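Index from 1, following the sequence. Bear in mind that the values here come from a model prediction, so they are computed numbers and not experimental data.
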Amino acid sequence: MTTLAGGTDTLTRDALTVLQPGFAGTTAPDWLLRRLGEGLASVGLFGRNVASPGQLAALTAQLRAERADVLVAVDEEGGDVTRLEVRTGSSFPGNHALGAVDDVALTREVARELGRRLAACGVNFDWAPVADVNSDPANPVIGVRSFGADPDLAARHTAAYVTGLQSAGVAACTKHFPGHGDTAVDSHLAMPRIDVPAEVLDSRDLVPFRAAVAAGTRAVMSAHILVPALDPDRPATLSRRILTDLLRGELGYDGLIVTDGMEMRAIAAAYGIERGSVLAVAAGADAICVGGGLDDDETVRRLRDALVSAVRSGELPEERLADAAERVRRLARWTAQAAPGAAAPDANGSAAGASPDDIGLVAARRALTVTRSGPYEPPASALYVAAFTPVANIAVGDETPWGVAAELPRLLPGTVTGSFTGADAGPVALTAAGDRRIVAVVRDEHRHPWMTAALDALLAARPDTIVVEMGIPEAPPRGALHIATHGAARVCGRAAAEIVAGVRRP
């Protein structure tokens with residue numbers, strides 16, 4: 001091992017280089033700019049950092065004025081998980097809608113256009129796509145973020161998404177390795193455990209990741225999950241068997257490995273973020289994502305010092321930290337070379353010269369599944385929208401609007417919306433609706449017994465109720481008209497509203 005004498009500056013810079021911190025606000029704070037000068041190479045953006053495309057472009061320019069090759073990452077999946085359009089809902093359907101269409105050329109084009117918009121705002125690293133096979137319908141955190149429950153379908157669309165995104169000069173980060181689909185636990189809140197044989201993992205969960213590696217994904221994100229068949233002692237993010245032996249060795253992956261957020265309770269509660277970060281780098285991770293909840297300079301200092309101390313104590317080989325830092329720099333070089341000449345975003349969020357064909361809306365329309373109980377006559381008057389609203393998972397957040405409330409009043413003036421939850425949601429919604437026809441909007445009805453009871457009450461009293469399912473359409477379709485959108489993006493709501501209002505035929 002190289003002696004540390006006289007190498008403190010290099011060591012400290014390497015420790016900063018492997019961090020991907022977040023920050024508060026829509027401009028870069030002084031501490032972040034200072035850290036970029038000291039060696040920090042990546043910054044993670046979240047919804048709190050985005051007010052408009054123009055503001056985001058100014059922010060990324062501010063970062064690059066301090067460090068030209070900085071990696072600017074964002075959690076932009078399209079669909080339910082959007083940061084570019086956190087306050088309006090996404091212009092692109094998410095993975096499950098794309099999987100429902102099952103047109104890989106469409107998926108590639110959607111990802112390319114999303115990547116083009118990111119690049120136009122100065123973002124060059126996207127924590128997407130989700131490659132998890134959603135094999136457990138009760139999954140509370142993946143759901144419509146997955147292309148579906150079929151490994152081969154998920155694989156071909158993961159590869160198409162990676163290709164499309166990277167064709168726009170934005171590095172794809174395929175997640176969450178080795179697969180977060182077969183769990184009913186959210187790793188933001190606790191440690192999920194997947195108890196299946198290695199053969200099942202190989203033929204199911206790993207299939208999309210092999211496809212992503214073959215497609216050239218520039219990054220892979222680890223999952224905070226315990227998979228005893230692969231490592232009975234350590235979760236994937238902290239497991240050398242999973243990150244180094246399996247991902248690098250067996251799958252032949254040579255790109256960047258980044259952790260999921262280290263402040264998530266699956267890691268933070270059991271190990272703490274400092275200890276967890278040291279173990280993650282030792283296991284083979286190259287970049288430490290933190291900042292979804294912890295977003296200050298003190299967090300950066302704590303993690304930097306923990307890595308430096310681990311090298312000095314001999315717990316973390318200096319060569320491993322140096323290798324991780326070099327992989328971050330290598331990705332930065334790729335983004336600099338791959339970036340196309342991106343036009344500046346206009347006031348509407350699209351780069352100048354964008355195609356008039358709205359590929360996101362086209363995809364959302366194609367993704368609809370419509371079931372009728374009989375002939376459907378579009379309403380001639382205003383409706384009442386009853387939105388049965390579950391608690392949003394942390395990945396999605398509660399800032400982003402969903403449903404059809406933004407679209408139906410434009411098509412049917414006078415339409416109003418009420419939001420309902422809990423055991424009395426159905427009767428309360430009926431009272432609020434009065435004599436107006438009801439559109440019931442649900443999200444993963446099959447996971448929420450109170451939601452099923454609410455629909456029971458509505459349909460018993462008002463059989464002409466229209467049902468719009470904006471999650472996984474696992475429950476049997478019912479209602480005079482049932483529309484499954486396969487996701488809650490803004491364009492999915494618009495596509496459903498067009499059917500309800502009769503603008504497009506069901």
Side-chain angles (χ1 to χ4, degrees), residues 20-30 32-33 36 42-68 70-94 110-128 165 168-171 291-292 295 335 339-361 364 392 395-403 405-407 410 487-494:
Q20 289 190 348
F23 61 95
T26 54
T27 59
D30 289 343
L32 183 65
L33 299 176
L36 288 171
S42 306
V43 174
L45 302 181
F46 298 86
R48 62 176 180 257
N49 305 122
V50 180
S52 70
Q55 167 271 323
L56 180 56
L59 170 58
T60 58
Q62 183 187 14
L63 297 171
R64 289 200 168 84
E66 191 63 43
R67 178 167 182 154
V70 64
L71 289 169
V72 181
V74 71
D75 200 7
E76 179 59 58
E77 301 172 10
D80 290 30
V81 178
T82 179
R83 308 307 179 216
L84 281 186
E85 300 177 279
V86 65
R87 291 168 184 83
T88 61
S90 182
S91 299
F92 303 93
V110 166
R112 190 204 68 80
E113 176 60 17
L114 179 57
R116 190 188 64 78
R117 295 193 190 186
L118 289 170
C121 294
V123 176
N124 56 8
F125 188 9
D126 191 8
W127 292 318
L165 194 62
V170 176
D295 55 14
T335 59
D346 64 21
N348 296 317
S350 299
S355 167
D357 182 22
D358 190 336
I359 190 67
L361 181 57
V396 173
D398 57 10
E399 296 175 281
T400 305
W402 68 283
E407 300 296 334
R410 179 175 58 84
R490 174 171 51 83
V491 285
C492 296
R494 178 175 171 182

Testing the basics here: between Val491 and Ala364, what is the closest heavy-atom pair and its distance to 0.1 Å?
O-CB, 3.6 Å
Look at the side chain of Gln55 and the backbone N and O of Thr26, then say whether any donor-acceptor pair between them is shorter than 3.5 Å.
yes
Closest heavy-atom pair and its distance - Ser42, Pro21:
O-CD, 3.3 Å
Got a donor-acceptor contact below 3.5 angstrom from the Thr400 side chain to the Val86 backbone?
yes
Say you draw a straight line from CG of Leu59 to CZ of Arg64; how long is it, rounded to the nearest 0.5 Å?
10.0 Å
Do you know the tightest heavy-atom contact between Ala489 and Pro93?
CB-CA, 4.1 Å
Close side-chain approach of Phe23 and Leu45, heavy atoms under 4.5 Å:
yes
Write down the atom of Pro29, the atom of Ala24, and the distance for their closest heavy-atom approach.
CD-O, 4.5 Å
Between Thr82 and Glu76, do the side chains contain an N or O donor and an N or O acceptor separated by less than 3.5 Å?
yes
Thr60 side chain to Cys121 main-chain N or O, any donor-acceptor pair under 3.5 Å?
yes
Side-chain donor-acceptor contact under 3.5 Å, Glu85 with Ser91
yes
Would you check if Phe92 and Ile359 make a side-chain contact, meaning some heavy-atom pair closer than 4.5 Å?
yes
Rounded to the nearest 0.5 Å, what's the gap from OG1 on Thr27 to CD on Gln62? Could you check?
5.5 Å
Ignoring hydrogens, what is the shortest heavy-atom contact between Ala57 and Ala120? Give both atom names and the distance.
CB-O, 4.4 Å
Within-4.5 Å side-chain heavy-atom neighbours: Leu361 and Arg494
yes
Might you work through the side chain to side chain contact (heavy atoms under 4.5 Å, CB included) test for Trp127 and Arg83, ending with a clear yes or no?
CA-CA 11 Å; Trp127 292 318; Arg83 308 307 179 216; over 6 Å; no
Side chain Arg117, main chain Leu84, donor-acceptor under 3.5 Å
no
When you compare the side chain of Thr335 with that of Val72, does any pair of heavy atoms fall below 4.5 Å?
no
Minimum-distance pair of heavy atoms, taken over all atoms of Gly78 and Ser90:
CA-OG, 3.7 Å
Do Leu36 and Val43 have side chains that get closer than 4.5 Å, going by heavy atoms?
yes
Residue of the set Val74, Leu165, Leu114 for which side-chain contact (heavy atoms from CB on, under 4.5 Å) holds with Val170
Leu165
Calculate, to the nearest 0.5 Å, the distance between atoms CZ and OG belonging to Arg87 and Ser52 respectively.
10.0 Å
